[in-house]
Amino acid sequence: MESAVVASLLLFLFVGWSHVAEAQLPIPAKIDGFVYKRAPVWGHSVVVEAFFDPMCPDSRDSWPPLKKALKHYSSRLSVVVHPFPLPYHSNAFIACRALHIANKLNTSSTFPLLELFFKHQEEYYNTPTYNMSRASIIHHISKLAVRAIGKDSLSAVQSGFNDSQTDAAARISFKYGCSRGVTGTPYFFVNGMPLSNSGSALDYKGWKGIIDPLLGKQ
Ligand SMILES: *[C@@H]1O[C@H](CO)[C@@H](O)[C@H](O)[C@H]1NC(C)=O
Ligand SMILES: *[C@@H]1O[C@H](CO)[C@@H](O)[C@H](O)[C@H]1NC(C)=O
Ligand SMILES: *[C@@H]1O[C@H](CO)[C@@H](O)[C@H](O)[C@H]1NC(C)=O
């Protein structure tokens with residue numbers, strides 16, 4: 001009896017495990033992420049990958065010091081932002097999808113839209129949008145996106161929300177973060193290695209402390 005239980009448990013574990021091992025994540029045609037100002041990502045610069053949720057206050061607070069570092073290090077620092085919608089921020093997936101729509105319609109509007117989200121994110125928190133329909137939230141976010149993407153883009157943005165490709169792109173962003181073990185935002189990798197103090201805003205001095213020694217070693 002007992003051995004039957006053990007055997008079926010083992011069978012369950014084996015079947016369960018092989019199922020996990022076999023599940024291939026969808027491979028996107030292009031690697032995920034928005035490269036700030038098209039800086040060269042490979043070769044001569046320190047690469048920071050930042051996983052940001054546009055609806056996360058700590059992501060918002062960590063962007064200005066990272067931007068200051070970008071200005072300081074210029075071409076010696078490359079930043080790639082991966083949108084990572086946290087499930088407990090109700091509108092985060094819509095916002096991440098809007099970033100993909102912006103990137104598709106007008107590449108140079110992606111970061112301006114991210115900054116607009118950071119500026120206005122409190123309007124899209126869970127409580128103030130509790131009674132709003134999904135359609136009306138998408139409408140509000142579309143109008144915000146138009147400010148970055150360009151006037152006359154409203155109908156293109158709205159059909160972007162009907163385009164299954166932008167949905168797929170936002171899902172890939174999420175899965176990419178999961179595959180790298182991202183559990184919250186902001187989450188940073190420097191030259192591929194996770195920063196242990198991820199999850200809270202890193203200040204400019206913190207970035208200098210990390211990047212200066214790496215550039216000295218090059
Ligand atoms: C949502 O609407 C209900 C009914 O009108 C109202 O009682 C409630 O306070 C509203 N909640 C929020 C968070 O606005
Ligand atoms: C694209 O976005 C940038 C940044 O928001 C903006 O300055 C530019 O005018 C936009 N392009 C068009 C064609 O609207
Ligand atoms: C998006 O799809 C919905 C449902 O299929 C449709 O009612 C709506 O008109 C579409 N909107 C745009 C802008 O294409």
Side-chain angles (χ1 to χ4, degrees), residues 28-41 45 48-75 77-163 165-170 172-173 185-186:
K30 253 177 52 195
I31 191 161
D32 183 74
F34 307 125
V35 181
Y36 188 78
K37 297 231 165 114
R38 295 170 179 271
V41 168
S45 56
V48 170
E49 286 165 279
F51 288 82
F52 283 155
D53 177 344
M55 296 297 150
C56 157
D58 291 328
S59 295
R60 173 194 65 197
D61 296 344
S62 73
W63 176 233
L66 183 55
K67 211 176 160 187
K68 194 172 167 190
L70 271 162
K71 206 166 174 185
H72 175 76
Y73 293 105
S74 175
S75 65
L77 173 64
S78 298
V79 169
V80 183
V81 166
H82 300 280
F84 191 72
L86 293 170
Y88 36 89
H89 294 156
S90 311
N91 303 314
F93 189 83
I94 298 173
C96 289
R97 193 170 176 186
L99 290 174
H100 282 288
I101 294 169
N103 193 56
K104 197 172 174 187
L105 294 175
N106 173 359
T107 310
S108 45
S109 71
T110 316
F111 281 87
L113 179 57
L114 179 64
E115 289 177 353
L116 275 176
F117 278 133
F118 285 156
K119 190 169 169 208
H120 294 277
Q121 66 172 208
E122 289 175 13
E123 297 163 34
Y124 301 101
Y125 285 170
N126 297 356
T127 308
T129 57
Y130 185 77
N131 276 332
M132 286 168 75
S133 70
R134 192 175 171 80
S136 112
I137 290 165
I138 289 178
H139 182 67
H140 274 81
I141 283 184
S142 298
K143 285 204 325 210
L144 186 70
V146 164
R147 285 168 55 184
I149 298 170
K151 57 175 167 53
D152 307 329
S153 64
L154 185 62
S155 67
V157 173
Q158 281 171 333
S159 39
F161 275 105
N162 269 14
D163 176 357
Q165 272 186 29
T166 66
D167 179 64
I172 289 287
S173 291
T185 58

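We count ligands from 1, going down the list as the structure has it; atoms in each ligand are counted the same way. In this text, all values refer to a predicted model and were calculated from it rather than measured experimentally. For the numbers below, each heavy atom of this structure counts, side chains included, while hydrogens, waters and symmetry mates do not.
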Exercise. Establish, from distance only, whether the side-chain atoms of H100 and T110 form a donor-acceptor pair under 3.5 Å.
Key: no
Quiz item: Are any side-chain N or O atoms of Q121 and backbone N or O atoms of C56, one a donor and one an acceptor, separated by less than 3.5 Å?
Solution: yes
Quiz item: Under 3.5 Å, is there a donor-acceptor pair linking the side chains of T129 and N91?
Solution: yes
Practice problem: List the closest protein heavy-atom neighbour of atom 1 (C) of ligand 1: residue, atom name, distance to the nearest 0.1 Å. | Solution: N131 ND2, 1.4 Å
Practice problem: Kindly state if atom 11 (N) of ligand 1 has a protein heavy atom within a strict 4.0 Å cut-off, that is, under 4.0 Å? | Solution: yes
Quiz item: Going by atom types alone, do S59 and D53 pair a side-chain donor with an acceptor below 3.5 Å?
Solution: no
Quiz item: Can you check whether a protein heavy atom sits less than 4.0 angstrom from atom 7 (O) of ligand 1?
Solution: no
Self-check item: Contact partition for I149 relative to ligand 2, non-hydrogen atoms under 4.0 Å
Solution: backbone
Self-check item: Residue and atom name of the nearest protein heavy atom (relative to atom 5 (O) of ligand 2), distance in Å to one decimal
Solution: A148 O, 2.6 Å
Quiz item: Can you check whether K71's main-chain N or O pairs, donor with acceptor, with S74's side chain at less than 3.5 Å?
Solution: no
Quiz item: Can you tell me the protein heavy atom closest to atom 2 (O) of ligand 2 and the distance?
Solution: N106 ND2, 2.4 Å
Practice problem: Please tell me if the side chains of V80 and V48 come closer than 4.5 Å, counting only heavy atoms from C-beta onward. | Solution: no
Self-check item: Atom indices of ligand 2, in the order listed, that fall short of 4.0 Å to a heavy atom of G150
Solution: 14 (O)
